[in-house]
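Single-structure report; data block below.
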Number of protein chains: 2
Amino acid sequence: MGDTPDVGEPTLEEQIAAYQREFQGLDPQVEKIVSALSRLNRRMNVAYGRQTAELGISNAEWEVLKALVLSGAPYRMGPSDLAKRLGLTPAAMTHRIDRMVTEGLVTRERDESNRVRVIIELTTDGREKWLEAMRLASVFEEDLLQDLTPAERAVLGEVLTRLLRRVEHAQPDAGGRLSDLE
Amino acid sequence: MGDTPDVGEPTLEEQIAAYQREFQGLDPQVEKIVSALSRLNRRMNVAYGRQTAELGISNAEWEVLKALVLSGAPYRMGPSDLAKRLGLTPAAMTHRIDRMVTEGLVTRERDESNRVRVIIELTTDGREKWLEAMRLASVFEEDLLQDLTPAERAVLGEVLTRLLRRVEHAQPDAGGRLSDLE
DNA sequence: TCTGAAGACTTCGAATCTAAAGTTCGAAGC
DNA sequence: GCTTCGAACTTTAGATTCGAAGTCTTCAGA
């Protein structure tokens, strides 16, 4: 359980070695960074999923609560805005909202000034759930970064932000060769 | 659709500010690192998805090809090993293999020495697809890290590996408070 | 040999997502 | 005023997944 989480999964080092063996001309350092990023994110999502499950909500529902809270008071958004924010189709958003309404996490009502629009609003209960989830998540995150020195944290934050900007601002056929991502 | 998962998405800085506003007692630097990690990974997966789509395979199929290639020649694995490796249920693995067999990426045959077992083997075509996908992926990854100095790459790789180890070796009720992750 | 247990895979049903078609409402033009 | 177009949301059909039940094979013990 603790020591060998994934029975079939090779260690990061074994995986890098396998890449070198099967695909020539790969920079091991680049592959190490990319593989570690991917694995780290996967593990973190598993951890978040466990924590939110303890609160009786799914990871999907947590995403919706997060979007609503971060939009600021009065914690209202339309389904299509939520869908864009979460990267879902409007259809999936409709269903997800259905569930969350029956669970009392959000309310759905028509906008009286424009009856085509629908307003999704966070309930007090939904906001409480988000706060509880955040308390768990923040403890987890602090623990995760516990062994990093202040200097390491600073460098990590700066470098990751730079990489993110590079991916986000990638222009097709411009400076870099990165695909257009928007 | 999912091409623009972020039309309504706030910038990283805006999101950190929103967290500070809605949840007291959060370390902005920790949140910055965690948020950047999550976003970066999401963008990268979108990019990988586009590249594999160009080759006529899905991201899911790419994962299977990767597991088989990295297992080394003769590129054979059983369905349950593949399922463990990919984090799927055996049921999902059965269906995914079905598709890939009809597409000629892998073959499925019974193990004659133990007729309960099934052997999934990469086809030449499947191996070619993986190689093409790797060529695209490696170009993307090199471009992504292009602006990082050698020193930054070294620190990033080392720090990410350390974080990964911390998550993977987390002991319930031991040194850290991280939950058991598998 | 026979029988029961365990293992490996598949099948079945429910849940969730995407893509596309459908519905309702609002706004612009004739 | 009527019509048409477009926007916002919902509905429907198909795909993929998980959890649980089912099938087949192997192995150990009576």
Side-chain angles (χ1 to χ4, degrees), chain A residues 6-8 42 45-46 49-50 52-53 56-65 67-68 76-103 105-121, chain B residues 1-5 7-8 42 45-46 49-50 52-53 56-65 67-68 71 76-103 105-121 182:
Chain A
D6 275 69
V7 179
R42 189 152 27 100
N45 284 335
V46 170
R50 296 195 173 194
T52 55
I57 63 179
S58 70
N59 228 328
E61 289 167 336
W62 184 39
E63 292 290 329
V64 177
L65 297 181
L68 284 167
R76 294 180 173 187
M77 292 179 76
S80 30
D81 291 333
L82 274 171
K84 281 179 200 157
R85 178 72 189 71
L86 302 183
L88 294 178
T89 60
M93 203 67 242
T94 294
H95 297 315
R96 196 180 282 192
I97 290 168
D98 285 346
R99 288 169 247 148
M100 295 182 70
V101 167
T102 64
E103 291 166 5
L105 298 172
V106 301
T107 59
R108 166 164 30 198
E109 53 183 289
R110 292 226 157 255
D111 183 344
E112 288 308 320
S113 68
N114 184 339
R115 301 186 51 73
V116 176
R117 293 177 189 278
V118 169
I119 300 176
I120 309 304
E121 181 171 334
Chain B
M1 56 79 27
D3 280 9
T4 36
V7 171
R42 189 151 28 101
N45 284 334
V46 170
R50 295 193 174 194
T52 55
I57 62 177
S58 70
N59 228 327
E61 289 167 335
W62 184 39
E63 291 290 328
V64 177
L65 297 180
L68 283 168
S71 76
R76 295 181 172 187
M77 292 180 76
S80 29
D81 290 333
L82 274 171
K84 280 179 201 157
R85 179 71 190 72
L86 302 182
L88 294 178
T89 60
M93 203 66 240
T94 294
H95 296 314
R96 196 180 282 190
I97 290 168
D98 285 346
R99 288 168 246 148
M100 296 182 70
V101 167
T102 64
E103 292 165 6
L105 298 172
V106 301
T107 59
R108 165 165 31 198
E109 54 183 288
R110 292 224 158 259
D111 182 345
E112 287 310 320
S113 69
N114 183 340
R115 301 186 47 73
V116 175
R117 293 176 190 277
V118 169
I119 299 177
I120 308 304
E121 181 171 336
E182 301 259 349

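Nothing here was measured: the structure is a model prediction, and the numbers come from that model. In what follows, chains carry the letters A, B, and so on, assigned in the order in which the sequence lines appear, proteins first and then strands, with residues in each chain numbered from 1.
Here B/Asn114 pairs with nothing under the side-chain hydrogen bond (donor to acceptor under 3.5 Å, both in side chains) rule; sequence neighbours left out. Looking at residues two or more places apart in sequence or on another chain, you find a side-chain hydrogen bond (donor to acceptor under 3.5 Å, both in side chains) between B/Glu121 and B/Arg76. Residues passing the salt bridge (charged side-chain N to carboxylate O under 4.0 Å, His left out) test with A/Arg99: none are found, sequence neighbours excluded. For A/Ser80, the side chain to side chain contact (heavy atoms under 4.5 Å, CB included) test picks out no residue, with sequence neighbours left out. Looking at residues two or more places apart in sequence or on another chain, you find a side chain to side chain contact (heavy atoms under 4.5 Å, CB included) between A/Ala60 and A/Ser58, A/Arg96. Residues forming a side-chain hydrogen bond (donor to acceptor under 3.5 Å, both in side chains) with A/Arg115 (at least two apart in sequence, or on another chain): A/Glu112. Take B/Ser113 and apply the side-chain hydrogen bond (donor to acceptor under 3.5 Å, both in side chains) test, not counting sequence neighbours, and it matches B/Asp111. For B/Glu61, there are no salt bridge (charged side-chain N to carboxylate O under 4.0 Å, His left out) partners at least two apart in sequence or on another chain. Partners of B/Arg110 by salt bridge (charged side-chain N to carboxylate O under 4.0 Å, His left out), not counting sequence neighbours: none found.
The closest side-chain heavy-atom distance from B/His95 to B/Asp98 is below 4.5 Å.
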Just the atom pairs and distances: protein N or O near nucleotides 2-6 of chain C's N or O, under 3.5 Å.
none

With 3.5 Å as the limit, what N/O pairs link the protein to nucleotides 13-16 of chain C?
none

Do any N or O atoms of the protein come closer than 3.5 Å to N or O atoms of nucleotides 1-6 of chain D, and which pairs are they?
none

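Between the C1' atom of D/dT10 and the CZ atom of A/Arg117 lies a distance of 16 Å, rounded to the nearest Å. Atom CG in A/Leu88 sits about 16 Å away from atom C1' in D/dT16, given to the nearest Å. Here the P atom of nucleotide D/dA8 and the CG atom of A/Asn114 are 9 Å apart, to the nearest Å. Rounded to an integer number of Å, the gap from A/Ile97 CD1 to C/dC17 C1' is 14 Å. If you take CE of B/Met77 and P of C/dA8, they are 13 Å apart, rounded to a whole angstrom. What separates CD1 of B/Ile120 from P of C/dA8 is a distance of 14 Å, to the nearest Å. Summarising the geometry, the separation between CD on B/Glu109 and C1' on C/dT10 is reported as 18 Å, rounded to the nearest angstrom. To the nearest angstrom, P of C/dC17 lies 18 Å from CG of B/Asn59.
Comparing C/dT18, C/dC25, C/dT10 against the side chain of B/Thr94 picks out C/dT10 as the nearest. The side chain of B/Thr89 sits closest to D/dC18 out of D/dT10, D/dA8, D/dC18. The side chain of B/Pro90 sits closest to C/dT10 out of C/dT10, C/dT18, D/dT25. Between C/dT10, D/dT11, D/dC9, one nucleotide has an atom nearer to the side chain of A/Val118 than all others, and that is D/dC9.
Rounding to the nearest 0.5 Å places CE of A/Met100 at 7.0 Å from CE of A/Met93. Here B/Ile120 contributes atom CD1 and B/Leu68 contributes atom CG; the two are 8.0 Å apart, rounded to the nearest 0.5 Å.
Taking side-chain N and O atoms only, A/Arg108 has a distance below 4.0 Å to OP1 or OP2 of D/dT10.
Backbone-only engagement by A/Pro79 is indicated by non-hydrogen atom pairs under 4.0 Å involving sugar-phosphate atoms exclusively.
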